[in-house]
Amino acid sequence: MSSVTTDKQEAALDPAIARAIKSIADEAPQRETTDGFHLVIDALKLNGIDTIFGLPGIPITDLTRMAQAEGMRVISFRHEQHAGNAAAAAGFLTQKPGICLTVSAPGFLNGLTALANATTNCFPMILISGSSEREIVDLQQGDYEEMDQLAIAKPLCKAAFRVLHAQDIGVGIARAIRAALSGRPGGVYLDLPAKLFSQVMDAEAGKHSLIKVVDPAPAQIPSNESVKRALDLLKEAKRPLILLGKGAAYAQADADIRALVEKSGIPYLPMSMAKGLLPDTHEQSGAAARSYVLQEADVVLLVGARLNWLLSHGKGKTWGADKGPKKFIQIDIAPTEIDSNVAIEAPVIGDIGSCVSALVAGMGSNWAKPPAEWTGAIAERKEKNLAKMAQQLAARPSPMNFHSALSVIRDQVKARPDAIIVNEGANTLDFARSIVDMYEPRKRLDVGTWGIMGIGMGFSVAAAVVTGKPVIAIEGDSAFGFSGMEVETICRYNLPICVIVFNNNGVYRGTDVNPSGTPDVAPTVFVKNARYDKLMEAFGGHGVNATTADELQKALAEAVASGRPTLINAVIDETAGTESGRITSLNPATAKKK
Ligand code: ADP
Ligand code: TPW
């Protein structure tokens, strides 16, 4: 590009002046120019972002083409929610904000659920949406896909910005990256109006306008007093417990966390996405005696885990309220998280790597491990529970139940601990979480803080794209339906993903009946004996209908070894499982009865 003025600017000028400018421009030495499209791409690349997850359309189709031409990986989805979920998972796995690119209004709204979910889960991502003409949107004159996207995004994410001038693109992207990554990570919205993309500026000035973000997630060192307060409390504890959350997994402070657990000798519980930070088979894991350790512990050290509904808000029977008060130490980067549900005696504010290493250093060389009475009692319960579980896993009922199908996946993950597990559903989620042991950090992605259905295929695509490792998606049949169309995306990019649909003919189960006598089936029931494997075959992937554990085992082993897109329709007893899995008590009717 080389003209000094754009066609639109010329059209607005008096014709004589325009002619004069044109003749000067024609005679002047040709100057290199750039435009909004290229500035966005260059700003992302300058910051080490090499992948975009998105869905093309006006006004961003050319942006996706140009990004690909400029060497970025552009992964196109069939629905923006899944592109957004992919961006969020990429952010969690890499500590770089995942980018989701959408069109205006409807595309933006489709991506918004993923943005809000990323923010809730503290995953860094940036939703970049094209938008319509500000002048028309603000006067509500009915533009193509008109919507005040910035205002709508604001309450649902950590920060939201709009860029109106090409020379501000560098600042806009730098601010978005910093907001997504610094402090508690989260989702950021970046609004780029259509007109911005074709704005032209001098190439050299454009280059200088870009910002390479320096130290986007600075270390936050805890105060010495807070570390001492925490250690004093831990020293006093008779029944201490460490609780690892997905913040600990995100922080990539794996060696420090292992040192904390092993040097302290304190039993630990991993939240679902913290599984594998230490192998689930670690002797200090209290997971197989979860209820016991939560009830009995006297001092609990939370590392990157919030005391939200997933931890019964730190109160009540789950926490042995009848057995006396507990004391909490909480490591978190967000100071306002502290005291959100119960009093925290020893807050340690900072990044997990810095906080955990400070605690380890403060333990010195003669740290006394917890009383054998405590660790022994846990070991005893673990042994009993694990023996009971082994029995359930060994059974081979026909049709398969959750245990027999999951025992096959458990063995496969043991053989390929580098595989990434994606998991959603109700029973399928709850059983897989406790049955499938994880051995390495950040290998488990699931429904997270909201318990949201629909993350399955988006998370799987991101996991395969950013790690290149095999992915095993363990999906309830209802859960799978939310993102099922993305099997085409999986086939199109030939990703090493094996989707296993736990097909029990409905939401939770397939046995509900419509009591009214009308021909409709009950609201939780699906078409019986559906063949989800055929969906994968429709796009050239491999489909298998597995009715026994042996068939499932063979198909899964082949899928992981070949890396070929595969969908296994695992036929599960439709009477197995319970309403809402383990959270039946949250259903209003059940809660009322209590
Ligand atoms: P889980 O659901 O596994 O219990 P949560 O999502 O509730 O985990 O909690 C994660 C916590 O980790 C959040 O409070 C967040 O502020 C915190 N966090 C995230 N990254 C870091 C980090 N690098 N350092 C410290 N805390 C972090
Ligand atoms: C976005 C509500 C929670 S779990 C679930 C639904 C619909 C599906 C359970 O059936 P599935 O699993 O997947 O067959 P299983 O293992 O019990 O057989 N919409 C959204 N999120 C949630 N959480 C729901 C609805 C829900």
Look only at the side chain of [X] and the backbone of [Y], and say whether a donor-acceptor pair between them is shorter than 3.5 Å.
X    : Y    : answer
N85  : Q81  : yes
D573 : P399 : no
T566 : R564 : yes
N47  : V213 : yes
H403 : Q391 : no
T524 : G506 : no
E145 : S132 : no
S580 : I583 : no
E424 : G456 : yes
N504 : G510 : no

So do [Y] and [X] actually touch side chain to side chain, heavy atoms under 4.5 Å?
X    : Y    : answer
L44  : I52  : yes
V471 : L495 : no
E579 : R509 : yes
M457 : V422 : no
N505 : V525 : no
L55  : T102 : no
P124 : Y250 : yes
K414 : D437 : no

Nearest-0.5 Å distance, [atom1] of residue [X] to [atom2] of residue [Y]:
X    : Y    : atom1 : atom2 : answer
R416 : K443 : CZ    : NZ    : 9.5 Å
I497 : S460 : CD1   : OG    : 5.0 Å
E486 : Y493 : CD    : OH    : 10.0 Å
R442 : L277 : CZ    : CG    : 7.0 Å
I177 : K96  : CD1   : NZ    : 10.0 Å
I173 : R178 : CD1   : CZ    : 14.5 Å

Apply side chain to side chain contact (heavy atoms under 4.5 Å, CB included) to V103 and I58, showing your working. CA-CA 6 Å; V103 303; I58 295 171; 5.9 Å; no
Any side-chain donor paired with an acceptor under 3.5 Å for [X] and [Y]?
X    : Y    : answer
R410 : S407 : no
N514 : D520 : no
N423 : R444 : yes
N121 : T449 : yes

Tell me which donor-acceptor pairs under 3.5 Å the side chains of residues 462-469 have, and how far apart each pair is, sequence neighbours excluded?
{"residue": "T467", "atom": "OG1", "partner": "A463", "partner atom": "O", "Å": "2.6"}
{"residue": "T467", "atom": "OG1", "partner": "K469", "partner atom": "N", "Å": "3.0"}

Can you name the nearest heavy-atom pair linking [X] to [Y], along with the distance?
X    : Y    : answer
P417 : Y439 : CB-CB, 3.8 Å
M273 : A249 : O-CB, 3.6 Å
L269 : R290 : CD1-CG, 3.9 Å
T584 : T578 : OG1-OG1, 4.3 Å
I352 : A253 : CG2-CB, 4.4 Å
C491 : G541 : SG-N, 3.7 Å

Test of understanding: with ring pair (Phe, Tyr, Trp, His ring centres under 6.0 Å), list the residues that count as partners of Y508, not counting sequence neighbours. none
For R184, does the CZ atom sit with more than 12 other heavy atoms under 6.0 Å from it, leaving out its own atoms? yes
Check whether more than 12 heavy atoms from other residues, nucleotides or ligands sit under 6.0 Å from atom CZ of R162, and answer yes or no. yes
Under the salt bridge (charged side-chain N to carboxylate O under 4.0 Å, His left out) rule, what pairs show up with a residue in residues 36-56, not counting sequence neighbours? none
According to salt bridge (charged side-chain N to carboxylate O under 4.0 Å, His left out), does anything in residues 68-85 pair up with another residue at least two apart or in another chain? List the pairs. R78-E488
Walk me through it: do I41 and L63 pass the test side chain to side chain contact (heavy atoms under 4.5 Å, CB included)? CA-CA 8 Å; I41 295 163; L63 184 62; 3.8 Å; yes
Steps toward side chain to side chain contact (heavy atoms under 4.5 Å, CB included) verdict (R492, F539): CA-CA 8 Å; R492 191 169 4 116; F539 303 106; over 6 Å; no
In this structure, which one of Q149, K154, K158 forms a side-chain hydrogen bond (donor to acceptor under 3.5 Å, both in side chains) with Y189? Q149
Please check if the distance between the ring centroids of F92 and F459 is under 6.0 Å. no
Run the salt bridge (charged side-chain N to carboxylate O under 4.0 Å, His left out) test against E574 and tell me which residues pass, sequence neighbours left out. K528
Counterpart residues, side chain to side chain contact (heavy atoms under 4.5 Å, CB included), relative to S404 (two or more places apart): R396, P397, M400, N401
Derivation of the side chain to side chain contact (heavy atoms under 4.5 Å, CB included) call for M453 and V447: CA-CA 7 Å; M453 297 299 116; V447 301; 3.9 Å; yes
Which of these, I435, T428, D411, sits in a side-chain contact (heavy atoms from CB on, under 4.5 Å) with L406? I435
